[in-house]
Each structure stands twice: as C-alpha cells, then as structure tokens.
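If you're wondering where the values come from, they're calculated on a predicted model, not measured in any experiment. Lettering of chains follows the sequences in order, A, B, ..., and the numbering in each one begins at 1.
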Amino acid sequence: MAKYILKRILMMVLTVFIVTALTFVMMQWMPGSPFNNPKLSASQIAQLSKQYGLSKPIWQQFLNYLVNAAHFNFGTSYINTGQSVSLMISQRLPVSMELGIQALILGVPLGMYIGTYQAMRKNTARDYSLSIITLFFTALPDFLLGMLLMLFFAIDMPIFPITGWNSWMSSVLPTLALGMGVIAFVARFTRSQTLETLDSDQIQLAYAKGLDEGQVIMKHAVRNSLIPVLTLLGPLTAGLLTGSALIETIFSIPGIGNQFVSSISSKDYPVIMGTTIVYTILLQVMILLGDIATAIADPRIRLGGKD
Amino acid sequence: MAEKTFQVVGIESSSDNEKIQKPSLTFWQDAWRRLKLNKVAVVSMWFLIAISVFTIVMVPFLSQQQANKFNPNEIATYKDLPPKSGLPIPGWEGKHDGDDLYSDQNVPAGKNFILGTDDTGRSVAKRVIVGIRISLTIAIVASLGDLIIGVSFGVFSAWKGGWIDLILQRFIEILSSVPFIVIVTLFTLLLGAGIWSVIISLILTGWINMARQIRAQTLSVKEQDYVLAATVLGERPLKIAMKHIIPNISSTIIVQLMMTIPQAITSEAILSALGLGVQPPTSSLGSMINDARDEIQYYPYLVLIPGTFLVLISLAFYLFGDGLRDAFDPKSGDSGD
Amino acid sequence: MTEKPVLQVKNLSVEFHTYAGTIKAIRNVSFELNKGETLAIVGESGSGKSVTTHTLMGLNASNATISAGHIFYKGKDLLKFSEEEFEELRGGEVAMIFQDPMTSLDPTMKIGKQIMEVILLHDEDIEKEQAAAKALELMKQVGIPNAEEHFQDYPHQWSGGMRQRAVIAVALAGNPDILIADEPTTALDVTIQAQILHLMKEIQSEIDSSIIFITHDLGVVAGMADKVAVMYAGQIVEYGTTEEIFYNPQHPYTWGLLNSMPTTDIDTDELSSIPGTPPDLLNLPKGDPFAPRNRYALDIDYEEEPPFFQLSDTHYAATWLLDKRAPKITPPKEILKRWDKWKKFGSKSALPKISKFGVAEKKKTAKETAVPKSGAEVTGKDNI
C-alpha cells in the first residue's frame, strides 16, 4: 500500500507542478498579466521585478516563480492594492471548505442510501421515479438551483436569509444547492455499482448461505459497491469547486470562490493565479484521500494483487 | 392412422435444423425494438427532435441580430414586460401584482410578448429561441469535438498498448485531476471570451471521459477473435480500427455522446455564469440566466424561462441516453457514468 | 432402498414471465434423491438444470412462478415454505457450490470469516471462537494446506482451485443434507477439475450427504453419480442409474450426448455432435421438442409428446421409440457397442473412471497447487 500511495503522491506533485508551470506561461504572455500590464505603476513594476527577478533569464524567473508558489506567495492583488493574495485566500478558504464539506456530508450518505435502495428495488415504480428525480438534479446546474431556492425560500417565503454567511440558517440554502447535485451524482453511481454487485455470483452465494436480503446488502453488497464510490471523492470535489464558486457569488458568501469569480471579471491576475493553484492542490488532496480510503477498504489494493 | 404415425421420418428437412427459431433481428433492429418499449426515452427523443427542428426552421425567420437588437433611445421599448399569452390564462396575462404592465407602458392592444421582455425591451421568446440555438450548437459542436478526439485517443491508446498506452493514461490522469474551473478559466483568459473559446474549453475538459470509455471498450474488443484474425491476415491497423473496432464500439460512442451533450449544455451555462461564456448581447440559455441573476426578485420569469428550457433539454438528453444504453445493453439496466 | 428419500420432486413446472411472453423453463420434472446418493442432472445450457436447483433453494428470480408440482424435503413441502424457512434451509440443510470460484467469494471479506458466517448463521448457540475453530477444521477438511496461516487471507490471494475448495468449505459449514453442485468444475483447469471431483467424493463418504451434481458434461458424471437425469428443453428425457444411462441408453438425445463425449470405455472411431440448436422455450414446437434434431424422429414425434416408458425399477425414458407400435430402428454403432456390454455384464459394466483425467496423479498435484498462487503475494504482504 505504501508503494501505491507513494505513486499517487508523485502524480500529485507532478500535476501541481504542471499547473504552476501553466500559470507561469500565462503570466508571461497574457496581456494585462503582472509581467506586461501597461497600467501598472512604476512602483508596482519595481516590486514585481524584484519579486520575480524580471531581469534574469527566463528559466531563473521560472525557478523563482516556483519557489514563490511553493511558499504560497502569489504577489499582491491589483484591485485591493497591497493586499497579499495568499492572505486573501487563507482568510476565505475556511468558509468555502465549510460549505463544501457540508454539501458532501449531506450528499454522499444520502446519495448512497438512495442508490442502494433503488438497486434493491430495481425496475419498480419507486426506482423509476427516483431515477427521474436524480436525473432532474443532474440536469439542473447548481447555480440555477441556488437561484431557485433563493427565489422560493428566501424571497417568496422568507424562511431563510437571502444572502450572507453568518448563521446556520444562512448556510442551509447554499448547502442544499450544492448538495442536491452531489446526492444525484452519488445515487446514480451507487445504483449502477450496486446493481452490478447484486448481479454477481458472490451475492448468489451469500443468499445460498441463508442470509436474508438485509444481511446480504449490509454484509456483502454495500462494502463491495462502497469501494468504487470512494473513488468519486475526486470528481465530486472538482464539481464542488466549480459549483461553490457560483453559489458563493449568488448568496454573497465570503469564500474563495466568490473572490475568484470577481477576480475573473476584474482581471485580477495574481488572485486568479493563486486561486488556480490552491484549487488544484485542493483537488489533488481530495483525490489522494479517496485513493487512500479505497486502498484501506479494498484488500486487493491493500495487499497487492490488483493494478 | 396409428400405423402411419410410427414411421421414422428423422429430421424433417435438413435446411430447417440449423435455423434459429426466433425471427432474426440485427443488433440495431433489436435495440430499436427495446428502445420503443421505453416510453420515457421515446418521449424524450420526440421532444429533442421537435426542439431541434423548430430551432433549425426558425433560423431564416429570426436572426441573432434581431434577437439582440435594442434601441436605448427609442421611446416605444417595452421594458420588463411579464409574459402575456393573449388568452385568459391566470399568471399569463401580462400582469404583475394585479397591475397590467402592458397598458401602463401603452403597448398597443394585440401586441403580446408571449414570454415577456427583458430590461432593454427585447422579446424573451426571441432570445430564448436564439439562446437554445446557440446553446445546442455549442454543446453539439463541443461534444462532436470530444467524440473525435476521445475516440481517436482511446482507440489509439488501447490499440498500441504497452508503454504508449501507459504514458497516454498518465497524461489523461494528470489532465483529469486539474479542476474544470482552472482549465476553463486559464484558457478563456488566454483566448478571450466568446463562443469559440467556450467550445474549445468544453472540448479540453470533455474529451477525457470519452477517451476513457472508448479505451476500455477497445481493450475488450481488441481481444476478440475477429480482430485477431484481421491482424493475422495482415490488415493495416487503421483499416482494422475503422472496419472492426469502431463499428463494434459504436453503441458505446452513441450513448456517451448523448450523455456528453447535456453535460456540455450545463458547462456552457456555468461558463456564462462565471463571466467566461457567451458575451452580451448574444444570448445563450446560460447567459440569459446569468444576466437576470440580480433581478430574480423582481423578474423571476427572466430566470425561470431559460432555466426551464435548459433543464428540459438536458433532462431529455439524459433520459434518451439512458434509454439508448439500456436498449443497446439490456443486461445493464444501470445508469452509471 | 427402503429408506424414505431425502428429496422428492414431483411434476415440477416453473415459468418465467417476460415482456416477450412466458418461458416454460422446466416442465413436469420429477426425481428422487436418497440419503448419501448422488444424482447428476445433465443437459445443454438452457435445458433447465439450473432453474431446477434454484427452485429447490428458493432462489429464483422474482418473475418466476412455480406453476405446478411439489418438492418434498424430508416430507415437508418446500413450495409452502416462507422466506424465513427458506433462509433456514439455505446454507443449512441444502447448500450450493457455484460454478466460478473466481467470482463467487466476497473479495472484501477474509476467507475464514466467510466460512464462519455460515456456521454462526445456522447454529445460534455457537461461540465465535468455536465457529472459528470449526471453520479452520473445514479448511483442513477440504485440503487447504497450512490452513491456520491462510485463515485471514482474502480470496484474491488464492488460486482458482483453492478458492473452489473454500467455496466447498462454505457449503459444508452448515452440515447440509443435500449439496447442490452447479457445474463446480467447469471454470477450473482440467488438472484441478479431477482434484475437486475427488474431494467431493471423499467428503460425501465422510459426511454421508446427498449430492445433486449439475453438469453439461456426461464425462464427469460417470465416476461421480449413482443416478443420472438427462434434461432437454426443460424436461427430463431419460432417467436411470448411471450404468443404465451409460450402457443401456434409450433416448436418442442421450445417444447424442454419449457420442459427443470422448471416452475410453468403448472403442469409438469418431465423435459426433447433435445437429441443430435447442428450441426456443418461448415457442416450444408441437410434439417432442427434440424431434427437429432427432435423426430417429417418428411422425408422431411431431404431433404428440412422448410419455415416459419404464424399462426397469429405476430406468425411464421419454421417447416414442419404446412404444410397441414403433418400428425397430438401429441406433448408432457406438450405442450398439454399449448395449452389447450391457447384455454381457448388466449393471456390473465397468464405468469409466472420472473421465478424461487419470486418478493416480491426484495426491501429488493436490499438494503442489495447494500453496496460494505465487510468491508475489507473500512478498507483497511484507511490504505493508
């Protein structure tokens, strides 16, 4: 298992390196980026040139950039002049993580429950209706759901606050907006995985042992379909990163995503670059966690013999 | 009678005995027969056909410019009018809180905006039609791009195998672990926002899934005897790919395409909402929703109308795709991605 | 045998309801199984072998209905059993060995635990430690070497043959009266097949249980079974002791099966196959469903299904050829050779040993393949 995880960590470092290199390239050539923005003041240019060593050869600049990025030093924001980007991110990151984790806690268990239930009641009216409901929430983008929830439950029926992030109540609608997609995604995946498991010989054997349906599901089916679900942690996080950026904007939540969206429209490059790298690292860490969890749950990976 | 019935007749007619009892159906006929049994999928299919035909038929009658045009100086711009059907249907009479906004703005009698107007007085109906056209075009072009890249990449990777496959798989792994939002942001900033950069961004992120599916399918088809036979007979790899592999994975390709289109529709909407999508005054379903975001309190129909079309079209694609998959592979019955 | 049979199946018919119509999976199937006896059910795929045994265990799909018949297990009618009673029965009194050992064990559960699961389920008084000890005992009984060391292994660490031994241990864990083996050797290498068959024979003599052995291969039947039921298109077409089936076969389908089997017990010049394909169970042809593939089919076969003709206390065959009115026909010459043997030696005809493979090498190979797959896993373990 150690070898397996080491391999994953190496991949992760490589990916972050590639994304960092990509942002460096963008900084070099993009009009309006820190390296060639005509609007920068002389003092700003002097500061940048000191920080990135603009007079040095390009490979040294790249090394410099890497070293800076490795220290989470992404320079200062154009818009909030003088504000360190890493400080801006570190202040807002906890809020976004809270929102994301809440959505995962709501979505993953519920999605697994629904998916397993559907698989057990395959091709019944309930299975069909749940399939259409989960498909509906797959087709409905998070941000549109957020706007609808806001319209119905904050404006038409003022149960929850319209915007903000200061109480438990204010987190309900954004969490729902993000979480419904997670439920739908996990449920659809769990259903197909569980159907595959239930169709297998090992489940036949479990029934032949004399276990009842509940025992077969709990002792044999769930564990076997849980393993592939664990690998969803990566793709789910990727979706949450995008979803939360828009949800935070709609509900005016002071998270990293909200800041990212406004930095795009204001072309605040240092913030864009910094957030980009932080997003990449976040996703890498979640993929790694998913891989470790899979390895723990699956003896074939834990003890070798698969892959 | 009894005497006669105990004659040895053997196998009645030799031509009959290797005959398969059921009437023979080709793979596609069989899939079509199963698809027809799935009511939801059939309804979705007709809905998609109707929407596409309508959108195409409307091209000569309604240009993008017409839907975009507004005159800020003109007096007779009818702003923020709610939908009015011209029929006594409650909630569709052009009234807002009992106020007849049409008469407030002196709209001539008989001139109804069936889906209302936006804050610059443009007809929402026209903008939705153009929006559907643009959203669908983006989604279909992007998905076809995914298809071409994904299929060639997947088939190539699986066919070559060995270290080439290994390197290509690592490449895919790395690319797929970069967040969607990061890729699209960087590339749209580089290319500048617009329809083409949306399409390229969608292809950049979308082809990976297709390539993975196709690679897995190709790997299993590759092991089949008929492919082996073709290889032994010395057919060229490209010919084998075109003649033997791609036809045998075509059902996977079609299902995957049907699943990619709605994802592209959603992604386009997300890009527009991020400010990286279709730029004003051009409308797409996503950009219409995004433009109306701040006014949702006052003019919810500006969000609800394009939103409904967006969800219905995506849903129809998903349902149709699900139905197709079950029809192609009756054993599966699942809905995994 | 004067003893009451353990299992009696009487006129059992099972149907499956699908969108395309009703599939008559088995029709009018009857057989008996005595204590300690082995019954082989032989037939092509789709002949209803598996449906028969799944019905015995109450494991049929939800769209299956039992349209007629009775199954008596020790005098109790199984078809009146509730789901709970079936759960009690399954794994306890009736156990099943599946075809493919590579897929029939749970990959996420330790093998020892998978065996213990059955023991704990069917013996409420037993302690965990005792169950573990019994599971270990079973692992030794089925010939898993160093069972203590491998008790905590996961299935993927074992070879196919070893896994099938584990599956057998699972089946034995509930002290079953009846062991249903559904093609237990089909998925295994030829050399391993013989080992597993011998193991099953050995175990049967130790615990005195009855076995229903399902196979499409008459070859493996010879050394295993006491009685044979040949099934075609959901019906039993010939039923008798193994000697009767091998040396006095009467149904043309049995002839076909015997002639397509490589054998050493009679001289054969060539193997032949049965022409055509099994019928569509959705639209059974009129008359005998085998007629369209039968070189000896009579006119009446296309009109009316043949009844069972009794040849001895134990031997029945459903073919019009046995009717008084039927003309005398000459069966293929290989069958004539078999009949000759029957006339000379009767039931004392020497049956072929467990076909194809020799018996002598069994002990040696059992040892060799006993160790889990390879050294790779062992070193893999050390790394963790």
Side-chain angles (χ1 to χ4, degrees), chain A residues 11-12 14-15 18-19 22-23 26 29-30 119 122-123 128 131-132 134-136 138-144 147-148 150-151 155 162 185 188-189 191-193 195-196 199 234-235 237-239 241-243 245-246 249-250 257 260-261 264-265 267 269 272 275-276 279-280 282-284 287, chain B residues 40 170 173-190 192-193 205 209 262-263 265-271 273-276 285-286 289-290 292-293 296-298 300 303-304 306-307 310-319 321-322 331-337:
Chain A
M11 289 291 292
M12 167 178 160
L14 186 62
T15 311
I18 290 173
V19 171
L22 218 63
T23 58
M26 314 251 329
W29 286 298
M30 207 130 61
K122 183 191 172 189
N123 295 344
Y128 286 132
S131 280
I132 290 186
T134 52
L135 262 186
F136 174 77
T138 309
L140 181 65
D142 300 343
F143 72 96
L144 181 55
M147 290 160 79
L148 296 179
M150 184 195 250
L151 179 64
I155 296 169
I162 299 179
F185 186 63
R188 274 169 68 73
F189 189 80
R191 179 179 180 273
S192 77
Q193 286 299 328
L195 278 182
E196 210 167 281
D199 203 34
T237 308
L241 291 177
T242 316
L246 292 165
T249 312
I250 290 163
F260 184 64
V261 174
I264 293 174
S265 52
K267 300 236 167 8
Y269 284 99
I272 297 177
T275 316
T276 295
Y279 272 159
T280 309
L282 264 180
L283 180 56
Q284 298 303 311
I287 293 176
Chain B
V40 178
R170 289 288 168 272
E173 217 172 296
I174 289 175
L175 199 58
S176 68
S177 71
V178 181
F180 169 77
I181 191 170
V182 167
I183 297 184
V184 297
T185 310
L186 292 183
F187 276 87
T188 319
L189 287 176
L190 200 64
T205 51
N209 213 352
Q263 282 167 15
I265 292 175
T266 310
S267 299
E268 183 278 322
I270 289 172
L271 281 178
L274 283 170
L276 298 169
L285 291 176
I289 296 170
N290 191 46
R293 190 163 77 196
I296 187 168
Q297 271 181 273
Y298 314 106
V303 169
L304 292 177
L310 180 106
V311 172
L312 280 181
I313 293 173
S314 293
L315 191 59
F317 271 110
Y318 279 125
L319 289 169
D322 262 8
K331 238 191 112 249
S332 77
D334 60 10
S335 51
D337 297 0

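- Taking Ser267(B), Gly275(B), Ala273(B) one by one and counting their heavy-atom pairs under 4.5 Å with chain A, the maximum is reached by Ala273(B).
- Closest approach of Ile264(A) to Leu274(B), counting heavy atoms only: CG2-O, 4.2 Å.
- Only the side chain of Leu304(B) comes within contact range of chain A, judged by heavy atoms closer than 4.5 Å.
- In this structure the side chain of Leu151(A) never reaches within 4.5 angstrom of the side chain of Val303(B), judged on heavy atoms.
- Here the shortest heavy-atom pairing between Ala119(A) and Arg191(A) reads CB-O, 3.9 Å.
- Nearest heavy atom pair, residue Gly307(B) against residue Ile289(B), reads CA-CD1, 3.8 Å.
- Of the two parts of Phe143(A), only the side chain, counted from C-beta on, holds a non-hydrogen atom closer than 4.5 Å to a non-hydrogen atom of chain B.
- Salt-bridge formation is not detected for the pair Asp199(A)/Lys122(A): no Lys NZ or Arg NE/NH1/NH2 atom is positioned less than 4.0 Å from an Asp or Glu carboxylate oxygen.
- Heavy-atom pairs under 4.5 Å with chain B were tallied for Thr280(A), Asp142(A), Leu135(A), Leu140(A); the largest tally goes to Leu135(A).
- Using a 4.5 Å cut-off between heavy atoms, Ile272(A) touches chain B through its side chain atoms alone.
- Using a 4.5 Å cut-off between heavy atoms, Ser177(B) touches chain A through backbone and side chain atoms alike.
- Contacts of Pro262(B) with chain A are absent, with no heavy-atom separation under 4.5 Å from either backbone or side chain.
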Side chain to side chain contact (heavy atoms under 4.5 Å, CB included) evaluation trace for Thr134(A) with Phe185(A): CA-CA 8 Å; Thr134(A) 52; Phe185(A) 186 63; over 6 Å; no
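- Residue Thr275(A): no heavy atom, backbone or side chain, is found under 4.5 Å from chain B.
- Taking Leu14(A), Leu246(A), Ile155(A), Thr23(A) one by one and counting their heavy-atom pairs under 4.5 Å with chain B, the maximum is reached by Leu246(A).
- Side-chain contact between Thr185(B) and Phe260(A) is present, with at least one heavy-atom pair separated by less than 4.5 Å.
- Looking at Leu276(B), the atoms closer than 4.5 Å to chain A (heavy atoms on both sides) all sit in the side chain, from C-beta outward.
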